[in-house]
Structure formats: structure tokens, C-alpha cells
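Note that this is a predicted model, so its numbers are computed, not measured.
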Amino acid sequence: MMHIISQSFSSSSLHHCTLKLFSKTISSSSSKLPHYKTKSQFKWRTNHVFVQTNPLLSLLETKCKYMNQLKQIHSQMILTGIFSNVFASSRLIAFCALSEKVIHFLVSCGFLEDAYKVFDDSSVRDLVSWNSMINGYVRSGRSREALMVFEKMKMASVEPDEVTIIGMVGACGQLENLEFGRKLHSYFRDKCLYFSIPLCNALMDMYMKNGSLNEAKALFDRMDERTVVSWTIMISGFAKFGCLDEAMRLFNEMPERDIVQWNALIGGYVQAKRSKEALVLFQEMQTMNIKPNEVTMVSCLSACAQLGALDIGIWLHHYIKRHKLCLTVSLGTALVDMYAKCGHIEKTLQVFHEMPIRNSLTWTAAIGALAHHGNGHDALSYFLKMVDSGLRPDDVTFLGVLSACRHGGLVEEGKKFFTQMTTKFKIPPKSKHYACMVDLLGRAGLLEEAYELVQGVSNEADASVWGALFFACRVHRNIEMGEKAALKLLELDPGDSGTYVLLANMYVEANMQHKARDVRKMMGERGLQKTPGCSSVEVNGNIFEFFVTDKTHPQSDQIYECLIQLTGHIEIVEYFPYIRYDLLFDSNVYSAW
DNA sequence: GTCACATACC
């Protein structure tokens, strides 16, 4: 037995070893243990005789490095399908049932429910078990449960140590509970306990996640000794809150760098919608011979998605294949999203179907892509498949579903899913969902129904919802309701020059020149300028940005000539019977000014 | 033994 366990578990021999290990173990204790073949016959064995005679457990008791091997066995069990065999899986858990280590083992495998069962059942719980449970929940993003365990710990009069506090501080970061985080900080300070580097890092991270950059900075400045993690927390914190100059300053200042800080910085630029600069950083990183990893790729693909930079996106896809980067769920999803946003629907679906594992975000990206491409029915059937496979849709998924209905003019389906969203899936609609529904109803000419929906929005409809109604009113020439919507829009956002322009346009179309003049006057009095629209296009890996009536590009004349030809070729689907396409396709709505 | 950093759908 000893021999089998201590030999190395190479991937080819592991399966064999695992089976051998189990058959040996089971047969070695067969005199004390009857063979249980079915679920009902099996009983949880945790008696002392079994524990003492179990060689695996005694090894676990002495040397924890076997934990890693146990983990390997476990993952092999899942891969080979043995884990679904109740007998084998229960055996594995039973091997260790009396050991506190099993809690850590189960936690590290993500089996928090099982871990908690063992934890809850055990009569003796040491501090490490408490900490394992708490940190297990925090790492899985289940901080509320971590908090509950912490409360229980307090009731059991177990004094928390530094590791407990680190876990709880992490929970405060996730739950955005700055107040409790500060309390934990002062608890440590008041007890005059030593602030280790991990504790300082955890506190800084908590302050950063709660947006308290100053408190994080103060801690950072006071640290005598810092690790790469300390620097990373500061860089990513500043980057997340858009303080990119500060992030860059720290990045340049830090003594030693690894890939994580590059990723934090690139991710910051992408989140700040400064994707071009993010890609420049990526290039810089490569000239410095730093190997990008999966996380880098995810951010860069997201940058390409924002910019519509298909060529660079394809290059990144090749890079991933060439360098055999692991196609994680995030990376696959980022690829799906990049192809979708760059308008390459075939590749979007190909990558989607090639992915070995997909989660709800992957499905959401695909549904959104199909919706955006006008394949409304496909989007809906993907949604049904997603739900069928047991994945939970979220508010973003429903945005895709509703916009699929909107683009396809599927009014009845839209209404059905909008209702299901709250009743079946318990997802409260946000203003974007309302805006989508108002748009769907509005385009179909159901203005009264749309207006009713706007009135029914909890916490008052925001500008996007009124904007959708205003658009529908303009399309269907309902001046009275359009006026109402526009005035509401001006009340909500008096600085949005677009509303004034569109309202004036509506009046002009309705031959109400005097009212149009009034609106323009109002805009002038409020000192508003029309904001120019901007779009970008990628050609041979270069990204070009164009503003409305922009003539700065050297080939401007040819570009406009091409644009005019393209506009002439656009097939107009007669979806809105009353729409004035000549006005929509006029070089821009602002040209009348 | 347990603990601290970067990533995808709006």
C-alpha cells in the first residue's frame, strides 16, 4: 500500500493506480468491512477500527503532501467517471471522515457542501477547520456563508487568529462591507498584534474593493516590507477605479515585475475603455519578452471586441493555438465575444461549439451574438438549450433574449420572456430590460402599452427607457407622447444635446417650425454644443477613428464616396411603415444645424 | 495544515 501511494502519479498510470489503490484498500480491510454494492446498502463508515486500519488515513495524518495526491486521485475519479459511483466516492470521503484534513481537501475541491457536512458533524473542531471553512467560502465568492461560519465561531467562543481575520477581511471586500472591514482592522490594531504581509495585503485589497483608495495607500506606504502581491493590489486597485496614471506610476516604480501586474494594468485600460492603449501595452510586453498567459489574452480579446479589431483578434486566436494556451472557460468566452462583436458570426458559433466546457457567461455571449445578428429565433433556441442544460441565466442573458425578440419583432415571445424573467427566474428587470421592452412594443406600434410599461417601472424609469419611448413616438409620429417623453428626458439629463436635436427634428418633420426654434433656443441658452458621434474601423491591424463630418483622414474624399455608395446599397427592411429613411440616412442628423 | 494579486457576458 505504502508503495502504491508513494510512487509518482504520472497521468498515464494514474487511472490504473487509482483503481489498484482502491481495490487494495477495500480488500485489506475487508475482514472488518462488508462490501456494499448499492447505495441503499452503503452506510457511512467512520468507526475507529476502520480509521486505525486505513493506511491512507494514517499517511494523511502524518504527511500532508499526500493531500496533493489525494486531489489527483479525486480528479481522476471524476474524469474516469468513477466518482459518480456512490460506493467509490463515499469510500474516498469515508477514508478521511474523522480527519480535519478532509475538510480542507473537500474545500479545495470545491465541495463546500460536503465539507460543511463533515465540519458540522465533527465533534472536535480545531481552529484550522474553522479557517478552512471560512476561507473556502470566501474563495468561492460565498462570503455570506463565510460570515455565518464566523458568527458560529464566535458563539462557540473560539478565538480567531490572523488567518481567520484574513479570510473575513476578504469577505468584507467581496460584500463591500467597509464598516466591518474597518472593525476587523481596528480589532487587530487594538490588540497590538503583528501585521503580517498577507494581513496588510488582505486589508489593502479590502479597502481597494470598497473604493477607499486612500486607506489602502496609507497602509501600503506604512509597510516596511512588500511583496509582489502588495504592489499588484495597489496597481489593480488604482486601475479598476480608472486612476491609470497612478497605476502606471506604481507599475514603473516596483522593483520586480511578473505577468500579474502587466495583466492588472492591461485589464485596467480595457475596463476604462482605453483599449488601444491596452493593446500598445501588450505589444510593449512582448518586446520585453514577457510571455502572455490566458488572463492577458482574455483582456486583449476584450480590447479587440471593444474596438472591432478583427485582424488583431484572429492573430490572438492563432497565438493561443500556437502557444498551446489552455482554453479556459473565460478565454473561450472572450473569443466568442470578440468574434461576435467584430461581426464574425460563423467563427463565433464555431468557437462556441468547440469549447469543451461552457458556463452561463459563454451562453450569454452566444445568445447576445445571435440576437445582434438578427437570428432572433436561433438566439431563443440557444436560450432554451442553456436552461435545459441546467445553467442559470442572469440579467445579462435576458438582455440578449429580449433584444433577440426586439430585433426579430417577436412581440409575443418578448412579453413571455419578460414575464418569465421575474416569475420563473426571479431576476428583477433593470432599466435596460425595460428599455428593450419599450423599444419592442414601440416599434410594433403598441405605444400605449409601452407607455404603461414605462409608468410601471419601479424607482422611476431612467433616460434609456424614456429614450426608447421617445424613439418609438418619433417613428410612429405620435407628437403628443413624444413631447412628453422628450421633456422627461430633458428633465433627467438636461445636458444631453442629442435630445434637443432630436426633439427639434421631430417638430420640423411635423411642420411645427416655431416649436423647433424654441428648442434650439433653449439649447443655445443652456450653452450646449452638439457632441459629435464617433466610430472606428480596423484596416490591416490599424484602428482609425472617425468623427461626424470628419475630414482629417488623407483619403477622406474616397471614404465619403464609398460611404455614399454603400448607403445606396443598404437593403431597407420595411419594418417601420412610417419611418423617414431619408432622414435617418442623411449624412447625420446634426447636419441641419 | 488554514491566508494575500490579474481575466470573459451589460
Between A:Trp363 and A:Phe352, how do the two ring planes meet: parallel, tilted or perpendicular, split at 30° and 60°? perpendicular
Among B:dG1, B:dA4, B:dA6, the nucleotide that comes nearest once only the side chain of A:Val128 is considered: B:dG1
Per A:Ile197 side chain, nearest of listed nucleotides B:dA6, B:dA8, B:dA4: B:dA4
Closest to the A:Val396 side chain: B:dC9, B:dT7, B:dA6? B:dC9
Name the nucleic acid region contacted by A:Thr227, choosing base, sugar-phosphate or nothing; use a 4.0 angstrom heavy-atom cut-off, strictly under. base
Starting the side chain at C-beta, find the nucleotide from B:dC9, B:dA6, B:dA4 nearest to A:Lys341. B:dC9
Remember a base hit wins even if backbone is also touched, and classify A:Asp395 as base, sugar-phosphate or nothing at under 4.0 Å, heavy atoms. nothing
With a 3.5 Å cut-off and heavy atoms only, can you find an N or O donor on one side and an acceptor on the other between the side chain of A:Asn131 and the base of B:dG1? no
Reckon A:Arg139 has a side-chain N or O less than 4.0 Å from the OP1 or OP2 of B:dC3? yes
Other residues, nucleotides and ligands only: do more than 12 of their heavy atoms fall within 6.0 Å of CD on A:Glu253? yes
Picking from B:dA6, B:dC10, B:dA4, which would you name as closest to the side chain of A:Val229? B:dA4
If you only use heavy atoms from C-beta on, which nucleotide in B:dC3, B:dC5, B:dT7 is closest to the side chain of A:Val295? B:dT7
Just compare B:dA4, B:dC10, B:dC5 and give me whichever is closest to any side-chain atom of A:Asn201. B:dA4
B:dA6 phosphate, OP1 or OP2: any side-chain N/O from A:Gln271 under 4.0 angstrom? no
